[in-house]
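Structure, as structure tokens:
Since this is a predicted model, take the numbers as computed values, not measurements. Just so we're on the same page: letters track the sequence lines, and every chain starts at 1.
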2 protein chains.
Amino acid sequence: MAIQMHTDPSQEPSATQRAYLAIRRMILVGELPPGEKLKIEKLRQALDMGGSPIREALTLLVSDLLVERLDQRGFRTAEISPENFSEILRLRCQLEEMALRESLTHADHVWEDKLVISHHRMMREPRSNVERFEELHKAFHVNLLSACHSPVLLKFCNQLYDLNIRYRYLAGKALNYSKRDIGKEHTDIMNAAVDRDADTACHLLLDHYRNTGAFLAKHFTIEAAE
Amino acid sequence: MAIQMHTDPSQEPSATQRAYLAIRRMILVGELPPGEKLKIEKLRQALDMGGSPIREALTLLVSDLLVERLDQRGFRTAEISPENFSEILRLRCQLEEMALRESLTHADHVWEDKLVISHHRMMREPRSNVERFEELHKAFHVNLLSACHSPVLLKFCNQLYDLNIRYRYLAGKALNYSKRDIGKEHTDIMNAAVDRDADTACHLLLDHYRNTGAFLAKHFTIEAAE
DNA sequence: ATTTTTCAAAATATCGATATTATCCAGTAT
DNA sequence: ATACTGGATAATATCGATATTTTGAAAAAT
């Protein structure tokens, strides 16, 4: 997360913060399609604020690789491509494996509790509420890595996670994930993690990512061929 | 780098660009010490421009982990710590190894020429001109990895490189690097890379980083104990 | 003495207006 | 027709001013 979060919920967020979260969401879920020009004036009106917080939010999104900045020519949402997708997947597997292994070596019972709770919440949420489910799904994966003592690595993983989730949204709801039992995959990962079995946990996690990746890649190539 | 560079040098850079480069430099070389409050008004006067480009530059620097943003309480330069330093070093070794191996598998003669040239320029530059030397030193290391087809990974490596260089500047000019022959280390790395000998090149590169790292870590602990 | 409250000074965040710069299209020349 | 040029239009980048918010210190209360 590029923005510092409030710990005090009574504080209402700054305009920049609101703009950041709103635009970020719109890009992730595909309301703002890849390559779309982001006109300050339009966003200004849509979010009902001045130009400064919009510009600042967009600048923050540049660092998340969700927005591109063209000097003197404004902002646009990041382009997508099969190469970019496979790069994200590859990097994600490598960095998350590092993070997961380190997380498991430091994992204590507080971590374990958080993990179990986030797993439970995710399993309870109906898949129909897509955005809410994705939120809980992300929370589960973040918690898995959360005992890793490397904030920079976690930041990278987080960024890559978001970039990947964007591709998942863009692929559309058409994703029934064929015959996979996603619930079981998560449960197995959690169990291996709770057992501190790093090899198994990493293996399961990366398979989980790669299976989804292969599925999405197929989807994109079909779409590109049409 | 977060900012889009101009390919056309006739264009003069935007105020934001100027501010970004200037402030970034000041942080890297230590003119703006760690944890320093970055007051818009002060920077505004120092760089002779309005507040907007300053804010935007600072926001870009947040993504580089060189500046921290505290919602409603402005900006400050990132703090340093021994933990942060060793994290940077560790991550750098892991990511640069990945990048170097991939770079070497794709390395062609254009890459090789660029590498040799940047090595030559670095070796010619007197160490007395610190900032200029560091620029060339960075160019050499960037070129080593430049054939890697993973822009995101390269971006990460670049960021980590800058974070590390900052620690080197902060440690001060007191660095004579004891008995090491830095020039030879670079030449050896280059030769292994030109031979496409990934194992040797990685080994030498990581030793190069770890030796400097150990040296700096010693320096920091001495300083912290004083 | 320590904590709490209050209030002024300082700094930030944001807005609206303006100066700059890019874009697009019509008109002209080839 | 096609390629270039000029100028109107739209969009961006930047500024200066204002509204909020934080900070720090003095006064009041425990």
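Closest-nucleotide positions on DNA chain C for A/Pro53 and B/Gly74 were compared, and the one nearer the 5' end corresponds to B/Gly74. Checking A/Met49 against B/Ile40, the closest nucleotide of DNA chain C that is more toward the 5' end is the one next to B/Ile40.
Interatomic distance, CG of A/Asn143 versus CE of A/Met122, reported as 10.5 Å (0.5 Å rounding).
In this structure, CG of A/Leu47 is placed 13 Å from P of C/dT14, rounded to the nearest angstrom. Remark: P of C/dT12 and NZ of B/Lys42 are 10 Å apart, rounded to the nearest angstrom. Atom-to-atom, CD of B/Gln17 to P of D/dT12 comes out at 18 Å; the value is rounded to the nearest Å. Atom NZ in B/Lys39 sits about 17 Å away from atom P in D/dT22, given to the nearest Å. Rounded to a whole Å, the CG atom of A/Leu70 is 14 Å from the C1' atom of C/dT23. Look at OH on A/Tyr20: it is 16 Å from P on C/dA13, rounded to the nearest Å. At whole-Å resolution of the value, CZ in A/Arg76 and C1' in C/dA22 are 13 Å apart. Atom CD of B/Glu41 and atom P of D/dT21 are 21 Å apart (whole Å).
Taking the six-membered ring where tryptophan is involved, the planes of B/His141 and B/Tyr209 are tilted, since the angle between them lies from 30° to 60°. Taking the six-membered ring where tryptophan is involved, the planes of B/His119 and B/Phe140 are tilted, since the angle between them lies from 30° to 60°.
Checking D/dC15, D/dA13, C/dA11 against every side-chain atom of A/Phe75, the shortest atom distance belongs to D/dA13. Considering only the side chain of A/Gln72, C/dT21 comes nearest among C/dA11, C/dT21, C/dT14. Residue A/Ser52 places its side chain closer to C/dC15 than to any other of D/dT14, C/dC15, D/dT12.
Distances shown here put a side-chain N or O of B/Thr16 below 4.0 Å from the OP1 or OP2 atom of D/dT14. Phosphate proximity of C/dT23 to A/Arg73: present, with a side-chain N or O under 4.0 Å from OP1 or OP2. Contact check, B/Arg55 against C/dA13: a side-chain N or O comes under 4.0 Å of OP1 or OP2.
Among A/Leu32, A/Leu60, A/Ile27, A/Thr59, the single residue meeting the side chain to side chain contact (heavy atoms under 4.5 Å, CB included) criterion with A/Val67 is A/Ile27. Applying the salt bridge (Lys or Arg N to Asp or Glu O under 4.0 Å) test between A/Asp162 and each of A/Arg92, A/Lys155, A/Arg168, A/Arg24 identifies A/Arg24 as the sole match.
Among the heavy atoms of the strands lying under 4.0 Å from B/Leu38 are primed sugar atoms or P, OP1, OP2 only; no base atom is included. Within the nucleic acid shown, B/Lys37 comes within 4.0 Å of sugar-phosphate atoms alone, with no base atom in reach, counting heavy atoms only.
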